[in-house]
2 protein chains.
Amino acid sequence: MGNGKENSLTILIADDHHLVRQGLRSLIERSQTQYNISDVATGEQAWQFISQYQPDLAILDIAMGDLSGLKVCEHVKQRKLKTRIIFLSMHDDIKVIHRAFEVGADAYLSKSEAFDTLNQALQTVAAGHSFISPSIESELARYKAASTQFLLTAREKQIVSYITQGKSNRQIADTLCISIKTVDNHRTKAMRKLGVNKAAELVKYGLEEGLVV
Amino acid sequence: MGNGKENSLTILIADDHHLVRQGLRSLIERSQTQYNISDVATGEQAWQFISQYQPDLAILDIAMGDLSGLKVCEHVKQRKLKTRIIFLSMHDDIKVIHRAFEVGADAYLSKSEAFDTLNQALQTVAAGHSFISPSIESELARYKAASTQFLLTAREKQIVSYITQGKSNRQIADTLCISIKTVDNHRTKAMRKLGVNKAAELVKYGLEEGLVV
DNA sequence: ATATAAATAGTGTATTTACCCCAATTGACC
DNA sequence: GGTCAATTGGGGTAAATACACTATTTATAT
């Protein structure tokens, strides 16, 4: 750091591919905004740099061998550092994207995105907002919708677990000190989400998913 | 064979321990009944001897290295040879005993039994009846009772399998072309045998026992 | 021949499920 | 402050289940 541009935004680029780092740096330097850019090659280095200098932005690769960008992000957000995290990833696996936002990402970009998009992301995030590649956004939305539609809530899992253990609605209600109707509702909702209509299949799910402790 | 006692009962002794064969022969010769005794050391020899001469009785050891006494017995009974089989075994494992009678044994004696018992067994079996050591009999009875009490029948397993697959009584009845009440009966009996009172636990059993094809 | 067990199927009843609707509360996130 | 999801709980109903009895047929074993 410290190359004279004292008032400009500081950016860290972390990627284990030298060419990628060079390319990014070159592109970002070409933009009209003034940035003070640093780069590192590993997750470990990224974490050390961020915890020491707290740059305004950090562009992280997800797969970096040693310390995943996700872990770095998790650390940053847990310690409430001001650095905003932008993920730049090769894989557009929806689960990874979802995980990225779970650990507190501010932006997620595919490496296949145009530079314009990166530029836009940088400005959006620097302004305090979050950013998602338009191409990814719709997928994520679908995933989230699917999640709430098909994935069981904690309580539902608990109920299914009890059902798997062979307990009746009444027994579960007594155990949890809730109404039998509530148990019935959870049971029904769980079945709807899993697309089944019999406790037998909830048991299968419970056993297969290892819900029973 | 052929030692002059033409009208006496013929007995084959099969045991891979020389001392045991000698001891048995000596004991049997001492009894007041006239026997024509032969002996062999392996299961293979036993089978050849029996298929050739069809002795009245064969005293077989169960564990004989090559061809198990159980196999010899199975052959004899499958071919409906007249030879009656008496097992003489070291291990009183109830499952082995059960298996012995499954393959058609006429008697089962523990080697720890007194000679009197062997003598009694010989006469009983020679007379066309079956014989079990009193010490073993009660155990076998308990085992059989336990079997019919706790083990599912083929049909019950099938019903449990369908339940495990998430089918209702009605669906199972339709599939098997039987009354829904019959399915209900099998289901109820299976539950009673397994000591549970909910389909959920039948499903667990079904999955754990690999009943589902 | 005659017990025995399995499979079949019925009557009957109390309980439980599955599923529809709706509503209040809470905590999170914007 | 308002939306959203999760959790809670209630009304109601038709179907399914659990379970007790009995009974017939058939095959197997004694």
Side-chain angles (χ1 to χ4, degrees), chain A residues 101-102 104 106 128-130 141 144-160 162-163 166-174 176-203, chain B residues 77 98 101-107 124-125 127-132 137 140-141 144-160 162-163 166-174 176-203:
Chain A
F101 285 104
E102 272 186 346
D106 296 285
H129 308 112
S130 67
K144 279 194 155 180
S147 293
T148 49
Q149 246 188 293
F150 299 127
L151 296 183
L152 302 192
T153 68
R155 199 56 156 177
E156 283 159 3
K157 281 183 187 170
Q158 194 183 13
I159 302 293
V160 172
Y162 280 119
I163 293 170
K167 292 193 187 288
S168 68
N169 284 352
R170 172 161 304 286
Q171 287 175 306
I172 298 170
D174 289 348
L176 299 178
C177 294
I178 56 177
S179 157
I180 206 172
K181 282 308 281 187
T182 305
V183 178
D184 182 37
N185 282 336
H186 288 311
R187 176 196 279 255
T188 300
K189 279 175 187 161
M191 284 196 289
R192 197 177 318 171
K193 283 183 180 177
L194 297 176
V196 305
N197 72 332
K198 225 160 256 76
E201 309 209 50
L202 284 186
V203 173
Chain B
K77 298 303 176 182
H98 191 244
F101 285 103
E102 272 186 348
V103 297
D106 295 286
T124 308
V125 171
H129 309 112
S130 68
F131 185 90
I132 308 176
E137 194 167 20
L140 189 62
K144 279 194 156 182
S147 294
T148 49
Q149 246 188 294
F150 299 127
L151 298 183
L152 303 192
T153 66
R155 198 58 156 176
E156 283 160 1
K157 281 184 187 170
Q158 193 182 15
I159 302 292
V160 172
Y162 281 119
I163 293 170
K167 291 194 188 290
S168 68
N169 284 352
R170 171 157 304 286
Q171 288 175 305
I172 298 170
D174 289 349
L176 299 178
C177 295
I178 57 178
S179 157
I180 203 172
K181 285 310 282 184
T182 304
V183 178
D184 182 37
N185 280 337
H186 288 310
R187 176 197 278 254
T188 300
K189 278 175 187 162
M191 285 195 287
R192 196 177 318 171
K193 282 183 181 179
L194 297 176
V196 304
N197 74 330
K198 225 159 255 79
E201 310 208 51
L202 285 186
V203 173

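Here is how names work: the chains are called A, B, and so on, in the same order as the sequence lines, proteins then strands, and each is numbered from 1. In this text the structure is predicted, and so the values were computed from the model without any measurement.
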OP1, OP2 of dA18(D) versus side-chain N and O of Arg192(B): anything below 4.0 Å?
no

Rounded interatomic separation in angstrom, taking CD1 from Ile178(B) and P from dT8(C)
5 Å

Does the distance from a Lys or Arg side-chain N to an Asp or Glu carboxylate O, for Asp106(B) and Lys77(B), drop under 4.0 Å?
yes

Considering only nitrogen or oxygen atoms on both sides, find all protein atoms under 3.5 Å from nucleotides 14-17 of chain C and state each distance.
residue	atom	partner	partner atom	Å
dT17(C)	OP1	Asn169(A)	N	3.4
dT17(C)	OP2	Asn169(A)	N	3.3
dT17(C)	OP2	Asn169(A)	ND2	3.2

Given atom CD of Glu201(A) and atom P of dC19(C), what is their separation to the nearest angstrom?
11 Å

When you measure from the side-chain N and O atoms of Ser179(A) to the phosphate of dG9(D), is any distance below 4.0 Å, counting only OP1 and OP2?
no

No-H, no-angle donor-acceptor pair, Asn185(B) side chain to dA9(C) base, under 3.5 Å:
yes

With each end axis built from five pairs of C1' atoms, what bend angle do you get for the helix from dA1(C)-dT30(D) to dC30(C)-dG1(D)? Round to 10°.
50°

If the threshold is 4.0 Å, N to carboxylate O, is there a salt bridge linking Glu156(A) and Lys189(A)?
no

Examine dA5(D): is either OP1 or OP2 under 4.0 Å from a nitrogen or oxygen in the side chain of Thr153(A)? Give yes or no.
no

Whether Thr182(B) contacts dT8(C) is assessed here as follows: a side-chain N or O lying under 4.0 Å from the phosphate OP1 or OP2. Is that the case?
no

Do the side chains of Asp184(B) and Lys181(B) get close enough for a salt bridge, i.e. N-O under 4.0 angstrom?
yes

Looking at every heavy atom in both Leu152(A) and Ala190(A), which two are closest together, and how far apart are they?
CD2-CA, 3.8 Å

With nearest nucleotides of DNA chain D determined for Val196(B) and Lys189(B) from heavy-atom distances, which residue corresponds to the more 5′ nucleotide?
Val196(B)

Would you mind telling me which residue lines up with the more 5' stretch of DNA chain C, Ala200(A) or Lys181(B), judged by nearest nucleotide?
Lys181(B)

